[in-house]
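What follows is a set of notes on a single structure, which appears directly below.
Atoms considered below: every heavy atom in the structure, side chains included; atoms not considered: hydrogens, waters and symmetry mates. Labels below follow one simple rule: chain letters A, B, ... track the order of the sequence lines, proteins then strands, and each chain is numbered from 1.
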Amino acid sequence: MPQELSKTYDPTAIEDRWAEYWVREQLFSQPVLQPERHFREQISDAYKPSFTILLPPPNVTGRLHMGHMLNQTEMDILTRWQRMRGERKALWVPGTDHAGIATQMMVERQLAEEGTTRQQLGREPFLQRVWDWKRVYGGAILDQMKRLGATVDWSREYFTMDDNLSLAVREAFVRLHEQGLIYRGAYIVNWCPRCQTAISDLEVVHEDRPGKIWEIRYPVVGEPGEFLTIATTRPETMLGDVAVVVHPEDERYAAFHGKRVMLPLMGREIPVITDAWVSREFGTGAVKVTPAHDPNDFAIGQRHGLRSLSVMDEQGRMIAEDTPYNGLDRFVARERILADLEAQDLLVAAREHALSVGICDRCKTVVEPRLSEQWFLRIQPLAEKAIAAVEQGAIRFTPDQYRKIYLNWMANIHDWCLSRQLWWGHRIPAWECAACRQMTVVRETPSQCSHCGSAAITQVSDVLDTWFSSGLLPVTVFGWPFADGHPSADFSEFYPTSLLVTGFDILFFWVARMIMLGCWFSADVPMPDGSPRTLAESVPFRDVYIHALVRDAHGDKMSKTKGNVVDPIETVRQYGTDAVRFTLASMASPGTDIAFSVARTEGNRAFANKIWNAARFVFLNLNRAAEAGIPVEITTSTALPAIDDEAPLEDRWITAELHRTAAVVHASLGEYRFDEAAQSLYSFIWGSFCDWYLEIVKLRLQFAEPRGHAAARAALQTLVAVFESALRLLSPLMPFLTEEIWHALYNGQPPTKSIALAAFPVASDAALQNASFDTMGLVQSFITETRAQRKEIGMEEKAEAPVFVHASSKVRQTLQQNTAMILRLARVKELSFCDALPTRLTARSTAAFDLAIDYARTVDVAAERDKLSKEVARLEKALASADRQLGNPGFLAKAPAAVVEGLQSQRADSSILLTKARQALAALPADS
RNA sequence: GGGCGGUUAGCUCAGUUGGUUAGAGCGCCUGCCUUACAAGCAGGAUGUCGGGGGUUCGAGUCCCUCACUGCCCA
């Protein structure tokens, strides 16, 4: 006997319990593999590669938002589905990212509140603070994830600064250096004056802002009264000007070639040079050259052998000794400089100009291009492999459009600036020699310079870009690098991973980097059988599923300032995890953003409630059966119940529908169509199982009389089998509810410790072609038409009346065989079949049958006439359209036979209905 | 400036290789507490598929063009 379920569905009462159970019981762990045993497994015929998936590691500083929840829901659905299919090991690896800048900022903010700074504290004590912070707050987001029921392997949880991962990062850096792919130099980088570090191109976001463009006159040396007018949007950088450049073919400036101009305010002579890079249309066609503070100017400086003059420090303050601007903030200096220029009558114009401003992705400060010494990765060799891997199909993108975006970006990739002037992160394994100024880059902390042997060496203070370590994760989480050159059994089993599920926002940051680093570092790791690894086997994952952005109900981006952020944890508290998961899944169709709607979540909680009550109904009847001494078996198996040709129509039909649903869910999940899987489950469980099957089966669930027991038992058997299978089918999407009901169904003693470990039902092809679909469809349409007709003639809900039917003998036979369900579901007193319907009654017709209810009707003649007229018009149009096509020789010649036949039968139906509608219209009373 | 999407019911979205009368959820209207469920049941209304042109026997679906809109890159 099943356990009793409480009268109302209360997700909060069940979800915490199961979330905790799943973690405590460690149901989803894949123990680290033993090499010998693993080898035996891999050579057996039954071996199938495991389904492996890596959680995009959230920042330790992170708080769970809807995007995380969508991402995790999708991964969890797929992992649960694969695990239940049972053909492959399923492994989902969780972890968190140390998130250099973000975490450092968080702790710096704390320090600021205490009135101190990291500099005052010093590097080591500061790092200690960060670790302390991480220990206290770092687990928050994973705890939230546990609550959502994600079936990750918690025993494998990592942190990107764990010792083993840090060693791997060092190994990767040193190897790249040995391969000559890492270089160090002074280049223009994006500099954040607030974070005081270099950041990569990707970490700069561009924002269109209204700005100004100023035109400034530079006096020509030796020619009083002559000026060269340049245009600039950043006048403060003029302090570092080393030249003025014009286009060589720009005739307006031909006379200035080879001359020198006086840099205003600085009193410095600088040359006028020519370079074809200059756009003649932009501004005045003359451009100031500031190599230390602009990437284009830097390139010009290189070409023309100009020196670079830095005029700004790490914090964005001017460096210009002996000038009034020294030490001023860049924006203060700008105003001051403009004012001074104006006073000297050198400011010609100031025009409004929309400009694209680079701001720091993290702190939103305006980024400054700045010349500084950084470490770079020569990316081309890695990019080539990463391009080839995708081009040869070793990695597939869904939706496919991201393949193009990826390839386009890869083709135009720039060297990767790896160094960050932060403290929190993986410190670059390079030591600078005080004696010879050379760098020693090694795995183990050295005691002397590898170039000159001096002991006066100090490790460089920079750390690595956070994405360098996360880009290595697919290899490092499975044990790379390997001390003895042999891959770990874990690596052999789980690399390449199967799938990456993520948002497009980190396509370049993370996905592209993993592909490059994964292909690069796994290439020399031999396959389990010792053979060399091909590029296709070197990829970090075989599939990439890129999901949408979660927006608010109106499709607007969620943002704190707009106040439209929906907190997943709060929403889960209100409606239950299952309802939120189902909502996200049902809206996750590829390529479109998700407009997350609370109304829809409410609807899906209703769905959960519906299932809950269906379970109560099933349990109630199981208990009645037990009391009546009727045995009912419950089984959990991979195969769905077979269709018994002798069983009543409803049993055959609901079983066939179940098979159809299982097939759709299986196919949909295989294509990441979470929306289709959800919709198909929704309409099966609510539309078919609850609305139709449960109502029909009530006829047979009679336990009072022993004569009915055989029928009741057969009915219950099907009812339970279908319901139990449906629970398993639904469980990847609604794990909590199904777990709770499933355990209760088995009275707390289910065949496996979790429904997530039970088999995923598999449809049989034969069941998908079953006559019951058509037969049941006919009966359903009869019931629906009768109900509609009752409503139309104003019958009271509870009233019962006889119904007259006119139909072909075949249809008649079907209806007769299923009279009981018709009487109950349509509230009909009795069915009378006749050759002609009584004329005193208003009939309702379909192509298959006509029916008339014997009831004192109250018909609104005007409304009826209106309705019938519309019907006639519609049918006439349909008929005309069908005739036009059928009369077209081209159509008959070229269209497939099935289409022609379909149209012919549709034309026949329309014709019958038209006749019937015209007759009904004519039969209406003339008045009113 | 370059590239990629989107425009289908009041709202948010599906709509597979062109093929019969374009669907779902929510919302709306009407009637029902029909003992699993009012978080429910039953019935109902609502679309010139952004505009224009083309290809085709046949276009929401393919092509061109215009409009609007979103995103990415520079």
Side-chain angles (χ1 to χ4, degrees), chain A residues 5 7-9 201-202 204-206 279 356 358 399 401-402 404-405 408-409 412 504-505 507-508 549 551-557 575 579 583 586-589 591-621 667 671 673 675-676 678-680 682-683 686-687 690-691 694-695 698 783-792 794-798 824-827 867 874-875 877-879 881-882 884-896 898-907 909-910 913:
Chain A
L5 295 179
K7 192 157 165 86
T8 49
Y9 164 65
D201 293 347
L202 281 176
V204 179
V205 292
H206 293 269
S279 156
S356 173
Q401 40 167 317
Y402 288 104
K404 273 189 279 179
I405 296 175
N408 191 41
W409 185 77
N412 297 299
F504 62 84
D505 50 331
L507 180 62
F508 305 136
L549 213 64
R551 296 166 174 275
D552 77 359
H554 300 287
D556 291 328
K557 207 166 179 170
Y575 302 101
T583 303
S586 67
M587 303 202 66
S589 58
T592 21
D593 286 343
I594 292 178
F596 185 84
S597 134
V598 170
R600 205 147 167 160
T601 311
E602 230 173 281
N604 287 324
R605 182 190 53 178
F607 178 50
N609 182 59
K610 188 79 183 173
I611 298 164
W612 184 264
N613 281 292
R616 290 180 58 226
F617 175 82
V618 173
F619 291 7
L620 178 81
N621 284 287
E671 298 172 336
R673 292 303 305 257
D675 58 328
E676 285 180 0
Q679 205 196 335
S680 129
Y682 188 96
S683 77
W686 199 323
C690 292
D691 286 349
L694 288 190
E695 293 307 319
K698 282 176 184 172
I783 292 168
T784 305
E785 292 294 334
T786 307
R787 284 170 176 167
Q789 183 68 0
R790 290 171 55 102
K791 201 84 160 184
E792 199 174 298
M795 259 181 96
E796 281 173 38
E797 206 70 29
K798 283 180 177 167
R824 181 183 172 104
L825 268 61
R827 287 181 191 277
K867 199 195 103 193
R874 186 183 67 82
L875 289 165
K877 210 176 138 195
L879 206 57
S881 152
R884 193 169 50 245
Q885 281 197 73
L886 289 168
N888 183 332
F891 174 71
L892 295 175
K894 293 181 186 174
V899 173
V900 176
E901 280 163 28
L903 189 59
Q904 275 163 348
S905 92
Q906 180 223 321
R907 191 213 167 275
D909 287 356
S910 296
L913 287 172

_My understanding is that only residues two or more places apart in sequence, or in another chain, count here; which of them pass side-chain contact (heavy atoms from CB on, under 4.5 Å) with D505(A)?_
none
*Report the residues that fulfil side-chain contact (heavy atoms from CB on, under 4.5 Å) with S910(A), sequence neighbours left out, ordered by chain and then residue number.*
L875(A), A878(A), L879(A), Q906(A)
Mind listing the N/O atom pairs, protein and nucleotides 17-27 of chain B, below 3.5 Å?
unit_1	atom_1	unit_2	atom_2	d
U20(B)	O3'	Q906(A)	OE1	3.1
U20(B)	O2'	Q906(A)	OE1	2.8
U20(B)	O2	G902(A)	O	2.6
U21(B)	O2	R874(A)	NH1	3.1

*If only atom types and distance count, is the side chain of R790(A) paired as donor or acceptor with the main-chain N or O of R827(A) below 3.5 Å?*
yes
*Whenever both distances are under 3.5 Å in a Watson-Crick or G-U wobble pair, mark it; put RNA chain B into dot-bracket that way, with [ ] for crossing pairs and | when the partner is on another strand.*
(((((((..((((.....[...)))).(((((.......))))).....(((((..]....)))))))))))).
_Where K610(A) and C690(A) come nearest, the two heavy atoms and their spacing_ = CE-CB, 3.6 Å
*asked:* With a 4.0 Å limit, can you tell me whether K698(A) has a side-chain N or O closer than that to the phosphate oxygens OP1/OP2 of U34(B)?
replied: no
*When the P atoms of A9(B) and U48(B) are considered, how many whole Å apart are they?*
8 Å
*Got a sec, which residues hit side chain to side chain donor-acceptor pair (under 3.5 Å) with R616(A), two or more places apart in sequence or on another chain?*
N613(A)
*For atom C1', what is the distance between A36(B) and C41(B), given to the nearest Å?*
12 Å
_Separation between the C1' atoms of U17(B) and C62(B), rounded to whole Å_ = 12 Å
*Think K610(A) has a side-chain N or O under 4.0 angstrom from the OP1 or OP2 of A36(B)?*
no
*For U56(B) and C63(B), measure between their P atoms and round to the nearest Å.*
16 Å
*List for me each residue that meets salt bridge (charged side-chain N to carboxylate O under 4.0 Å, His left out) alongside R673(A), sequence neighbours excluded, and say none if there are none.*
D675(A), E676(A)
Every protein N/O within reach of nucleotides 69-73 of chain B N/O, cut-off under 3.5 Å:
none

*Sequence-distant partners of K698(A), side chain to side chain donor-acceptor pair (under 3.5 Å), two or more places apart*: E695(A)
*asked:* Between C37(B) and C32(B), how far apart are the two C1' atoms, rounded to whole Å?
replied: 15 Å
*How close or far is atom C1' of U30(B) from atom CD of E796(A), stated in whole angstroms?*
15 Å
*T583(A): side chain to side chain donor-acceptor pair (under 3.5 Å) partners, not counting sequence neighbours*: N604(A)
*Can you tell me, in whole Å, how much space there is between the P of G31(B) and that of G47(B)?*
24 Å
*RNA chain B: K791(A) or L694(A), which has the more 5' nearest nucleotide?*
L694(A)
_R907(A): partners by side chain to side chain donor-acceptor pair (under 3.5 Å), with sequence neighbours left out_ = D883(A)
*Partners of E901(A) by side-chain contact (heavy atoms from CB on, under 4.5 Å), sequence neighbours excluded?*
A897(A), Q904(A)
*Would one find a side-chain N or O of R673(A) under 4.0 angstrom from OP1 or OP2 of G15(B)?*
yes
*Who are the side-chain contact (heavy atoms from CB on, under 4.5 Å) partners of R787(A), not counting sequence neighbours?*
W692(A), I783(A), L825(A)
_Nearest listed nucleotide, side chain of C690(A), among G40(B), A36(B), A42(B)_ = A36(B)
